[in-house]
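Computed from a prediction, not measured in an experiment: that's the story for all the values here. Values reported hereafter were calculated over all heavy atoms of this structure, with side chains retained and with hydrogens, waters and symmetry mates removed. Sequence lines set the chain letters: A, B, ... in the order given, protein chains first and strands last, and positions in each chain run from 1.
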2 protein chains.
Amino acid sequence: MADLASLFHPKSVAIVGASKTDGEIGNILVKNVLASGFKGSIFPINSRESEIEGLPCFASLLEVPEKMDLGVICVPAKHCPEVVDECGRVGIKTIVVITPGFKEIGPEGLELEKKLLAVCHKYGIRLVGPNCVGLMDTHIPISASYSAVFPLKGDIAFISQSGAMLVSIMDWSKSIGLGFSRVISLGNKADLDEAAFIEALADDPFTRVILCYIEDVQNGRHFLDVAARTSRKKPVIVLKSGTSQAGALAASSHTGALAGSDLAYQIAFKQAGILRANSMTELFDLALSFSYQPIPQGDRVAVVTNAGGPGIVTADAIENSGLTMARFEKETLEVLRSHLPAEGNIYNPVDVLGDARADRYAAALESVLKDPNVDSIVVLVCPTAVTDPENIAQKIIDLHGKYPDKPIFSAYMGGGVLAEGAKKLAQARIPVFTFPEPTVYSIAGMVSYARTSAAGAEIGEIELDDIDQNRVKAIFYDVFRDGRSVLLGSEAAAVAKAYGISAVPVKLSVTPEEAVALSEEIGYPVVLKVASPKIMHKTDVGGVKIGLHNSEEVRNGFIEIMENVQRYLPNVIPHGIEVGKMMPKGTELIIGMTRDVQFGPLIAFGLGGVYVNLLKDVSFRLARGLTRQEIQAMITETKAYTLLRGYRGEKPSDMFSIIDMVSRVARLVLDFPEISEMDINPLLAYTDGYSALDIKITINI
Amino acid sequence: MADLASLFHPKSVAIVGASKTDGEIGNILVKNVLASGFKGSIFPINSRESEIEGLPCFASLLEVPEKMDLGVICVPAKHCPEVVDECGRVGIKTIVVITPGFKEIGPEGLELEKKLLAVCHKYGIRLVGPNCVGLMDTHIPISASYSAVFPLKGDIAFISQSGAMLVSIMDWSKSIGLGFSRVISLGNKADLDEAAFIEALADDPFTRVILCYIEDVQNGRHFLDVAARTSRKKPVIVLKSGTSQAGALAASSHTGALAGSDLAYQIAFKQAGILRANSMTELFDLALSFSYQPIPQGDRVAVVTNAGGPGIVTADAIENSGLTMARFEKETLEVLRSHLPAEGNIYNPVDVLGDARADRYAAALESVLKDPNVDSIVVLVCPTAVTDPENIAQKIIDLHGKYPDKPIFSAYMGGGVLAEGAKKLAQARIPVFTFPEPTVYSIAGMVSYARTSAAGAEIGEIELDDIDQNRVKAIFYDVFRDGRSVLLGSEAAAVAKAYGISAVPVKLSVTPEEAVALSEEIGYPVVLKVASPKIMHKTDVGGVKIGLHNSEEVRNGFIEIMENVQRYLPNVIPHGIEVGKMMPKGTELIIGMTRDVQFGPLIAFGLGGVYVNLLKDVSFRLARGLTRQEIQAMITETKAYTLLRGYRGEKPSDMFSIIDMVSRVARLVLDFPEISEMDINPLLAYTDGYSALDIKITINI
């Protein structure tokens, strides 16, 4: 934030590439700064002009006699590095490069962008863009952008990776009276990115809610940390596009951004407490709701309506969104009964009937506002012969003033007849929609934010002191030296053991006698499996023998397996035969890991066994910052949890040890980025402890 | 339809309860008929007036000298039956009863409603309402309603169970220029209900799409038949409220309607080819789209945009809605390349860039309109310095005129700057939204309708000639006589067998010797199970013995089971011990049946076994009208299907016999409505045939 003071509070601004010609960006920029009401000094820079829009024009930055805070640059791309160098020489610490023609046009542009960035680094200059629309701030105020529309003053910050979307939203928002605090066009994000701005806005007193439209994230880990810290202070709502295959394709052809998989984004956003919008409508409905109304203290919604049907539709939406229809206190019901005609409904949804005028609405509304079992209120107004939408609006506004802590939302279901009333509500910052459902979806979003931020969106670190990193390094070293990337079962078991993960003892034997000796050491019954990274489906080639009870069976098993493998796969020479303990039946789980390019390792947990791909009962978390609490939440999301709790009279499994195991897997894959994939399937959960039966680890050099 | 001619084409209308007093319903009704431009005769009826709104007023219907087609009644409820009797005497065949105070107010009102209906039946009068807003028709035209707003002329029919919602929508629709053909307020649906109107509108040349808001369905079976027939002709879009628990509660307190379970509605709608809207926004977005544009011939969507970000957002929505991003012909790409600057994107989404004027938009648009791989088009317009939204709108309109068979949708992403262009589009019946997502959701809804109506939404009947109804009746008779409602396993197996369902042979024995004899008859190995409808979990009381290979084991098993049961449940006297064949392992399935009060039996199919409640891998269909094709579709929806096809190298199961089995279960539960519940779990599917292992049947007397 400290770094960005000159960006958010500039006392003076230079526009390099300023122009006298109407319609040119360099002219629009000067006009926009002037029109925005900027109070500081403005220095247009253009060697061919002496005056632009009534301001004295300078031939170069070097000639400006005063200190400048912010440089806005719109000279052709190839001149940008030299202009930025001048910025550095005159002490400008923050610049906005509007000019396109950098990374987004291909390798040549990327080179230029690197050059630009190098100059910035040389002088410690922070850069917005290049290839962006610029910045707007309604509180300084300043428009350092070529957006035709300067937004209304408000408390929503909007960070957009799409300049066109930003401009669209400015135009649209003005038509519905929605105001913004700061608006930032990210452009190519060569230096300052979404994380930098979210961080800067976290403590901005003028910003109540942060909106982002992004197509990718620059630095997943940093973004996560910043978002998690910020979302505890104020809502961060993100529309992330490129979620689909087609979208991702369009994203990469558009900004050259490498979109991470959507799953990782989804999980990262959730873990960071970010509210994810699924459409532009949702993004701005939520923004408006957070801006206009307090956050509900709970999920219990009351509905006050003058018509039954819309009340039912609203009740449906409430339940389907995971909210609750409020149940009123006895006192509330009595007050309602005294104010409503007998045919009205005093239960939720409260039906004040079609002949209700503003006073009856007000009486009903006030009684539910007072009810401690109500966390938020939806007021529905349908046009009837007697409906007085403007007076009803005034009553809603007055009562919201009297009970400012309880959020009120409204649906004015109609057109012309209700228009003035709806306008009045919007002006008084009461969210007003045409249909009831968006009121409910907005409340649901706010409640979801309240829950997440209450839960803390904590990024923790589990302390483990009984792990042996050197042992793992030694095993990996041997695997590398052997020219392999896939660990043998015995190696994987040893890695797990070094991290305190209770694996079924598996040892490698190369002769029948060795297999017998190991079996005696491990204890009967045992399982024999052919050891070869080249054999994927060991059972199919007769490479597995289970339930061997004595030395005789082990010796014969060893020979049979070797014969089978030689018959099926004559060109494969196995490393030997793995001897493992035959384990009793338990609940079969899978614990897996896959790596995301942005957010690092993702841990998967769910039902294991042969049907794992069919059942798809898996929940995911980022390994980074995974707390015991989050591991528990992750387990609870799965059907496997129902089994672990003890299904149909069976005893519950040892949840504590399973949570501990997951934390150890997370630590292992964080400590060793060279582990590219890891799967434990099945892991057998018991009433006391567990046992990792089959561990697959793949490493990259 | 024939019955409703006088409703839809009245030549004359009587208003009984007409009034001179401004603001009274009886006055509004007269004014509305006049204002609607109704061309026929209008007869106000009021014994105290001689003239109302310039029309001669009659003291009673009996005094009107002409024949009347339609009676609109707003006299107090208690007088309604006598007025309807007069209608009958003067030959009025269709009436609209506006008056409230019937079923919706409780038992007393219900009595009055029955009386009203009895009079209607006496004269063969068809009744709309009571307790309704009335009817409106923009093509006759006539308003036989007290709605303050008469809608614009259009091709959308709207049937609403909520009068307030109807009035709201009339007001709202006018503000966005949306027109209707016929608008019907259902009220209490004492006689004419949603099915009657859907049927009447199916062949109405003025109606292109039928919208319904309903809270319940009167006669599930009839509704289904009508909707299935109608949806093959034109789209039927339904918003059914009361889907949630809270909603259902509100629904029943509101209209006294008994809402069926939402699952049954969902399946019934699907089987009838009804498009279900999930919100009011969706209902009207779809209505507008069907009204304005042709139905897409496929799911391939092209996007033309002047900005990258919104293009990505749209591509996301397309993939997430199950649509496909169109891939262009080589020729299209070449034409696009020739018209777009190098930085533009000629692939889908086509980016004409921010500096695109109307001509460039038109060139791009025409080339994708011509492309045979494009089924529908979304045009996105963001405001930029050069954007000319009105000219772009004109080009879109012109090109839609030139290529009228390819649906075009647009998102004008902004406010004031784009308002005129957006208005122009809406007037030319090009759907225009502010944000891109609703364009895509609308296309998805239309494509879904096209698929369903192409598939036929056929309600079939499977012919089965090898069933023995008498055998089933005989078994049920014995169960009744025994004072039971739950069949023994042996009885259930016999019922199944009578309907050609291959059940594991199960026979009842009462002595160890009988068990041995039956075992020899069935063939070893066998399973013994205690037979008692009072013992739910037989294994838990030691009531099951599996894998018995000889007479010795069967004899001992019999005695052990009897001893176990006596020890655990000393008060239960079992019917005996069931002897069943021990079956080889197969894929475990569940086939179940539950009854819905509206739509009759629902058949469930999915993964069976002990984890059936955990896995919840079940798909449902209504038993009625279930075709082999639908059974196959039902199976395909489940994970069980993946297993049946042959999972991980296993052989596929005998799909033909499984489909046959499901059709037999459907027939059985349709033939015997006294079967209240039925479960086959597990049914074992084999590569050749299947075997119903455990069948539970409960009957109601």
For chain B, which of A/S175, A/P100, A/G414, A/A419 has the most heavy-atom pairs under 4.5 Å? A/G414
Atom pair CG (A/D316) and CG (B/D262), whose distance is rounded to the nearest 0.5 Å: 8.0 Å
Who passes salt bridge (charged side-chain N to carboxylate O under 4.0 Å, His left out) against B/D355, sequence neighbours left out? B/R360
Taking all non-hydrogen atoms of both residues into account, name the closest pair between B/D171 and A/G415 and its distance. OD2-N, 2.9 Å
Side-chain touch A/M413/B/M280, heavy atoms, less than 4.5 angstrom: yes
Chain B contact via A/S168 - side chain, backbone, both or neither, heavy atoms under 4.5 Å: both
Hey, what do you get for OG1 (A/T281) to CD (B/E437), rounding to the nearest 0.5 Å? 5.5 Å
The interface call for B/E343 against chain A, heavy-atom contacts under 4.5 Å, is neither
Heavy-atom contact with chain B under 4.5 Å, split by part of A/K639: both
Using non-hydrogen atoms and a 4.5 Å limit, figure out which bit of A/Y347 sits close to chain B: side chain, backbone, both or neither. neither
Counting heavy-atom pairs closer than 4.5 Å to chain B, which one of A/V313, A/V149, A/N278 comes out on top? A/V313
Check whether B/F284 gets within reach of chain A through its side chain, its backbone, both or neither, counting any heavy atom under 4.5 Å. side chain
Can you tell me which portion of B/L418 sits under 4.5 Å from chain A's heavy atoms? Options are side chain, backbone, both or neither. both
Non-hydrogen atoms of chain A under 4.5 Å away: do they reach the side chain of B/T384, the backbone, both or neither? neither
Interface moiety of B/Y213 toward chain A, non-hydrogen atoms closer than 4.5 Å: side chain
Which answer fits A/Y641, side chain, backbone, both or neither, if we ask what part of it has an atom under 4.5 Å from a heavy atom of chain B? neither
Once side chain to side chain contact (heavy atoms under 4.5 Å, CB included) is applied, do any residues pair with A/T314, and if so which ones, sequence neighbours excluded? A/V303, A/I318, A/V378, A/L380, A/P436, A/V440
